[in-house]
Amino acid sequence: MQTIRVESAVDDSRLLQLGVKTWPVWQKEVSEFPWQYNATEVAYVLEGKVTVVPDQGEAVSFAAGDLVTFPAGLQCVWQIHSPLRKHYSFDFPDGV
């Protein structure tokens with residue numbers, strides 16, 4: 001089973017080491033939509049609150065300040081509860 005990994009209260013030095021501030025930013029309004037990951041994504045949430053419901057497995061919620069890894073092959077539904085802004089990267093094949 002593919003697991004979404006959420007790390008809360010990530011240290012600034014770790015974010016600097018990963019180069020998070022150089023990653024692109026994606027934003028989305030309150031909404032719900034299906035999504036499939038063709039590659040592993042690592043995201044750092046700047047603003048917002050989200051629940052992701054995998055086709056197989058338990059719903060996972062995360063919010064501003066969380067570092068989240070989505071595994072390749074994951075099929076899910078995104079539920080954005082408040083407007084989302086996140087840095088994201090596909091440069092970590094197995095996550096961080």
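Predicted, not measured: the structure shown is a model, and the values here were computed from it. By convention here, the first residue in the shown sequence is residue 1.
- Of all heavy-atom pairs between F70 and A43, the closest is CE1-CB, 4.2 Å.
- Follow the hydrophobic side-chain contacts under 4.5 Å out from V77 and you never reach V50; the two are in separate clusters.
- Tracing side-chain contacts under 4.5 Å through hydrophobic residues (I, L, V, M, F, W, Y), one reaches W35 starting from L84; they form part of the same cluster.
- In terms of hydrophobic clustering, with Ile, Leu, Val, Met, Phe, Trp and Tyr side chains grouped at heavy-atom distances under 4.5 Å, Y37 and V45 are assigned to a common cluster.
- Taking CD1 of I4 as the reference point, atom SG of C76 lies at 6.0 Å (rounded to 0.5 Å).
- Here the NZ atom belonging to K49 is positioned 6.5 Å from the OG atom belonging to S61, to the nearest 0.5 angstrom.
- Residues Y88 and V60 share a single hydrophobic cluster, defined by chaining ILVMFWY side chains whose heavy atoms lie under 4.5 Å apart.
- Ion pairing of E7 with R14 is present here, as a side-chain N (NZ or NE/NH1/NH2) and a carboxylate O approach within less than 4.0 Å.
- With D66 contributing its side chain and V68 its backbone, the two residues share no donor-acceptor pair below 3.5 Å.
- Shortest non-hydrogen contact noted between L74 and P54 is CD1-CB, 4.0 Å.
- Residues V10 and L15 approach most closely at CG1-CD2, 3.6 Å, considering heavy atoms.
- Considering CZ of F90 and CG of N38, their distance stands at 8.5 Å, rounded to 0.5 Å.
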Checking V53 against Q79 for the side chain to side chain contact (heavy atoms under 4.5 Å, CB included) test, could you report, in this order, the C-alpha distance in whole Å, the side-chain angles of both residues, the deciding distance, and whether it holds? CA-CA 8 Å; V53 183; Q79 300 170 341; 4.0 Å; yes

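- Side chain of T40 to backbone of A72: a donor-acceptor contact under 3.5 angstrom is found.
- When the side chains of ILVMFWY residues are joined at heavy-atom separations under 4.5 Å, either directly or via intervening members, V6 and L46 end up in two distinct hydrophobic clusters.
- For residues 16-30, the set of pairs meeting the side chain to side chain donor-acceptor pair (under 3.5 Å) definition, not counting sequence neighbours, comprises Q27-R85.
- Put simply, the side chain of T3 never gets that close to the backbone of R5: no donor and acceptor are under 3.5 Å apart.
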